[in-house]
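Nothing fancy with the numbering, it's 1 onward along the sequence.
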Amino acid sequence: MNRQRGHLLIEIIVVMAIIAVLAGVLYGTNSVFSKGGAKARKDGKGGSALSLTRLKAEDTVCMSNIKQVRMALQVAATNADDTFPPTLEETRLGKDFYACPMGHEAYTYDPKTGTVTCPHPGHEKY
């Protein structure tokens, strides 16, 4: 009745290999499970699965900011004399709404047409 004490070396190596594979999937750019590494972004940012997730969240914030600015411009145009304000700051949304959270570039605004776009690469579609 010999009882085994501790773990075998093989068990420890297997656990370490599993941890290494999981770390590679989360932090690595060319992991075993990703097809050719991380998706290429137009702005050149990203690389790991975690950073791509964070960047996707910032893309969503940019899209939401532009939507809020456009709605504020529509409200400003309907309340006044049906013209858009000369600057975005007149919508009084706050500083965070007038620039892209990714590259901190100011949104481009045409007061004649009321169009707002983001100059950050990859955000042209917003």
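Here the straight-line distance linking atom CD1 of Ile66 with atom CG of Leu73 works out to 11.5 Å at 0.5 Å rounding. Here OG of Ser51 is found 14.0 Å from NZ of Lys56. Values are rounded to the nearest 0.5 Å. Taking SG from Cys118 and NZ from Lys125, the interatomic distance works out to 10.5 Å, rounded to the nearest 0.5 Å. Interatomic distance, Thr91 OG1 to Met71 CE, rounded to the nearest 0.5 Å: 11.5 Å.
Taking both residues in full, the closest heavy atoms of Pro111 and Pro85 are given as CB-O, 3.6 Å, listed atom of the first, atom of the second, then distance.
Residues passing the side-chain hydrogen bond (donor to acceptor under 3.5 Å, both in side chains) test with Asp110 are Thr113, sequence neighbours excluded. For Val61, the side chain to side chain contact (heavy atoms under 4.5 Å, CB included) test picks out Asn65, Pro101, with sequence neighbours left out. When the side chain to side chain contact (heavy atoms under 4.5 Å, CB included) test is applied to Glu58, the partners found at least two apart in sequence or on another chain are Arg54, Leu55, Met102. Ala99 meets the side chain to side chain contact (heavy atoms under 4.5 Å, CB included) test with no other residue; sequence neighbours excluded. Listed by chain and residue number, Val14, Leu22 satisfy the side chain to side chain contact (heavy atoms under 4.5 Å, CB included) test with Ile18 (two or more places apart in sequence, or in another chain).
A single hydrophobic cluster is not seen to contain both Val75 and Tyr98; linkage of ILVMFWY side chains at heavy-atom distances under 4.5 Å, directly or through other members, places them apart.
Screening residues 107-126 for ring pair (Phe, Tyr, Trp, His ring centres under 6.0 Å), with sequence neighbours left out, gives His120-His123, His123-Tyr126.
Using modelled atom types, one side-chain atom of Arg70 and one backbone atom of Val116 make a donor-acceptor pair closer than 3.5 Å. Side chain of Thr78 to backbone of Gln74: a donor-acceptor contact under 3.5 angstrom is found.
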(Q) side chain to side chain contact (heavy atoms under 4.5 Å, CB included) for Glu124 and Lys42? Distances and angles first, verdict last. (A) CA-CA 10 Å; Glu124 300 88 10; Lys42 288 186 180 181; 3.9 Å; yes

